[in-house]
Amino acid sequence: MQSAHALAMNELNKIRENNITELERKKAEIRTAAPEYSKIESDLMKGGNALLRSVLHGGKDFEKIKNFIQEKQKKKISILKSLNLPDDYLDEHFNCDICHDTGFDENGKKCVCLKALTMKYIDINSNMTALMKKQTFENFDFSLFSPVPDNSGKSSLDIAKTVYNSAKDFSDNFENGSNLMLKGNAGTGKTYISSCIANRALARGKTVYYQTSYKLCETLENVKFGKYENPDELSSAVSVIKYINSVDLLIIDDLGTEFITQFTAAALFDLINTRLINNKSTVISTNLDFDSMEKLYSSRFTSRILGDFKIMIITGGDLRKQMFEKR
């Protein structure tokens, strides 16, 4: 998993290479159709070199050389016309006319095309499913929540609106290691809220990585104990581990569903603690209460959560069931 910037630059390099290959194909096509073109091509190259030498030596024979090049250009266009091809058929082609596919404009600033490609790979690196990418604050469905108050006097809809506003505020403003834990029973919308947060973070240009606690711990354990026989799989897993330590926002879903061992408990603590030290933000969702969390992991793990994470409780019925019935 390379950085989004590196992946974007790789794509631009491929675009340039493809355009060069296509231009060479066109030239070969013309050489076959009009053998005299090879001589004109050679003359133009010689003329270009002569013009450069002329400039370096005070402009001697500059006009003569320039006229020679112009004459050869006319013959080149004449050949293209005879083949019913446009005058610019053999011109260099660029996908981006601003930076000529280099990624940087004439002032050395990032081009809009490089920014767009970087955002594309930030999105790809997020590890979110197609469904999760559709779950946003903009299309949040409040109709799934009951407006009927419970014994506390609050309804599922009231709680959903509170959670929505807090989560939206977090996603719009998280910086410098601010963290969030979403607690609630299965099906109450923790993953949905996590998706909304992730999509808003991506829209802000932040790097995001989503993974279930089960898969995350499996990756950490497999790398630690050398369970990857395929070198490519090992390299990919190592890259993921490096990425989750540096990503702007890490989302760990369903904490407590993994197979918990002494190693996984310690590895999760080290990951969260490292991110806290490096001021990187993390969102964790779980249906564990704090007593269970302490027994499964450790008191220092729970202490980190209580001390450095904003806790958000989500209550209500099973949203998956309600979404299914609404289809």
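Below, all heavy atoms of this structure are taken into account, side chains as well, without hydrogens, waters or symmetry copies. What you see is a predicted model, and the numbers here were worked out from it, not measured in a lab.
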Could you check if a side-chain atom of Val238 sits within less than 4.5 angstrom of a side-chain atom of Tyr228, using non-hydrogen atoms only?
no
Any salt bridge linking Glu29 with Lys26? Criterion: basic side-chain nitrogen under 4.0 Å from a carboxylate oxygen.
no
After noting the C-alpha distance and the side-chain angles of Thr261 and Thr264, does the key distance pass the side chain to side chain contact (heavy atoms under 4.5 Å, CB included) rule?
CA-CA 5 Å; Thr261 64; Thr264 55; 3.3 Å; yes
Between Asp289 and Ser292, the two heavy atoms sitting closest are OD1-N, 2.7 Å
Can a donor-acceptor pair be found between the side chains of Ser155 and Asp158 at a distance below 3.5 Å?
yes
Does Arg200 pair with Asp172 as a salt bridge, N-O distance under 4.0 Å?
yes
Output yes when a side-chain donor or acceptor of Thr302 lies under 3.5 Å from a complementary backbone atom of Ser298, and no otherwise.
yes
Indicate yes or no for a side-chain donor-acceptor contact from Tyr297 to the backbone of Ile260 under 3.5 Å, with no hydrogens or angles considered.
no
Residues Asn179, Ile272; criterion side chain to side chain contact (heavy atoms under 4.5 Å, CB included); working and verdict:
CA-CA 10 Å; Asn179 306 285; Ile272 292 169; over 6 Å; no
Tell me whether the guanidinium CZ or amine NZ of Lys183 lies under 6.0 angstrom from the six-membered ring centre of Phe290 and within 45° of its axis.
yes
What is the minimum heavy-atom distance between Ile313 and Val163, and which atoms define it?
O-CG2, 3.8 Å
Under the salt bridge (Lys or Arg N to Asp or Glu O under 4.0 Å) criterion, do Lys14 and Glu11 qualify, and how do the steps go?
CA-CA 5 Å; Lys14 289 179 182 177; Glu11 183 164 338; over 6 Å; no
Side chain to side chain, Lys81 and Asp87, heavy atoms closer than 4.5 Å
yes
Do NZ/NE/NH1/NH2 and the carboxylate oxygens of Lys75 and Glu71 come within less than 4.0 Å?
no
Check whether any side-chain N or O of Asp105 sits under 3.5 Å from a backbone N or O of Asn107 as a donor-acceptor pair, and report yes or no.
yes
Could you work out the complete set of other residues in the hydrophobic cluster of Met9, with links drawn between I, L, V, M, F, W and Y side chains under 4.5 Å apart?
Leu12, Ile15, Phe104, Leu114, Leu117
Of all heavy-atom pairs linking Phe309 and Met181, the shortest is CD2-N, 3.9 Å
Determine the interplanar angle of the Phe225 and Phe263 rings, folded into 0 to 90°, and report it as parallel if under 30°, tilted if 30 to 60°, perpendicular if over 60°.
perpendicular
Answer yes when Glu92 and Arg16 have at least one side-chain N-carboxylate O distance shorter than 4.0 Å, and no when they do not.
no
Do you know the tightest heavy-atom contact between Met312 and Ala167?
CE-N, 3.8 Å
Under a 4.5 Å cut-off applied to non-hydrogen side-chain atoms, are Arg31 and Lys27 in contact?
yes
Might you work through the side chain to side chain contact (heavy atoms under 4.5 Å, CB included) test for Leu23 and His93, ending with a clear yes or no?
CA-CA 8 Å; Leu23 180 59; His93 172 73; over 6 Å; no
Ser194 side chain to Thr191 side chain, donor-acceptor N/O pair below 3.5 angstrom:
no
Are the side chain of Asp61 and the backbone N or O of Lys64 linked by a donor-acceptor pair below 3.5 Å?
no
Side chains of Asn199 and Met128, heavy atoms from C-beta outward: is any pair under 4.5 Å?
yes
Decide if atom CD of Gln262 counts as having more than 12 heavy atoms of other residues, nucleotides or ligands within a radius under 6.0 Å.
no
Starting from Ile20, can I reach Ile30 by hopping between I/L/V/M/F/W/Y residues whose side chains sit under 4.5 Å apart?
no
Neighbour count above 12 (heavy atom, 6.0 Å) for Lys120 NZ:
yes
Tyr164 and its ring-ring contact (aromatic ring centres under 6.0 Å, His included) partner, picked from Tyr192, Phe142, Phe170:
Phe142
Side chains of Asp254 and Tyr214: is there a donor and an acceptor less than 3.5 Å apart?
no
Check the pair Gln211 / Ile244 against side chain to side chain contact (heavy atoms under 4.5 Å, CB included), numbers first and verdict last.
CA-CA 10 Å; Gln211 189 54 280; Ile244 62 178; over 6 Å; no
Under 3.5 Å, is there a donor-acceptor pair between the side chain of Ser171 and the main chain of Lys168?
yes
Please assess Asp150 against Lys154 for the test salt bridge (Lys or Arg N to Asp or Glu O under 4.0 Å), listing each intermediate value before the final yes or no.
CA-CA 6 Å; Asp150 59 16; Lys154 287 188 176 181; over 6 Å; no
Crowded around Glu106 CD? As in, over 12 foreign heavy atoms under 6.0 Å?
no
Apart from Val112 itself, residues in the same hydrophobic cluster as defined by side-chain heavy atoms under 4.5 Å:
Ile98
Distance-only, no hydrogens or angles: does the Asp308 side chain make a donor-acceptor pair with backbone N or O of Asn273 under 3.5 Å?
no
Taking Lys161's backbone N and O only, do any of them form a donor-acceptor pair with Asn165's side chain (distance below 3.5 Å, no angle check)?
yes
Closest contact, heavy atoms only, Asn185 versus Asn287:
CA-CB, 4.2 Å
In terms of heavy-atom contacts, does CD of Glu229 have more than 12 from other residues, nucleotides or ligands at under 6.0 Å?
no
Under-4.0 Å salt bridge between Lys295 and Asp291:
no
Presence of salt bridge, Lys224 and Glu221, under 4.0 angstrom:
no
Measure the shortest side-chain to side-chain distance between Ile241 and Thr219 over non-hydrogen atoms and say whether it is less than 4.5 angstrom.
yes
Donor-acceptor contact present, side-chain Ser239 to main-chain Ser235, <3.5 Å:
yes
Is any side-chain heavy atom of Tyr37 closer than 4.5 Å to one of Leu80?
no
Backbone N/O of Cys96 and side chain of Asp101: donor-acceptor pair under 3.5 Å
yes
Determine whether more than 12 heavy atoms belonging to other residues, nucleotides or ligands lie under 6.0 Å from atom CG of Asn151.
no
For Gly184 and Lys190, which heavy atoms make the closest approach, and how far apart are they?
O-NZ, 3.0 Å
Angle between ring planes, His100 versus Phe94, binned at 30° and 60°: parallel, tilted or perpendicular?
parallel
Checking side chain to side chain donor-acceptor pair (under 3.5 Å) between Tyr210 and each of Thr129, Asn127, Asp253, which is the one that passes?
Asp253
Apply the side-chain contact (heavy atoms from CB on, under 4.5 Å) test between Ile65 and each candidate in Val55, Leu51, Leu52; give the one that qualifies.
Leu51
Closer than 4.0 angstrom, basic N to acidic O: yes or no for Lys215 and Glu218?
yes
Main-chain N/O of Tyr209 paired to Ser126 side chain as donor or acceptor, under 3.5 Å:
no
Does any part of the side chain of Ile79, heavy atoms only, come nearer than 4.5 Å to the side chain of Leu83, both counted from C-beta?
yes
Side-chain heavy atoms nearer than 4.5 Å, only ILVMFWY residues, links allowed to pass through others: does that put Leu250 and Phe301 together?
yes
Flag the pair Leu90 / Leu85 as yes when at least one side-chain heavy-atom distance between them is below 4.5 Å, and no otherwise.
no
Before accepting this row, confirm whether a basic side-chain N of the pair Arg204/Asp248 lies closer than 4.0 Å to the acidic partner's carboxylate O.
no
To the closest 0.5 Å, what do you measure between CG (Leu268) and OG (Ser213)?
5.0 Å
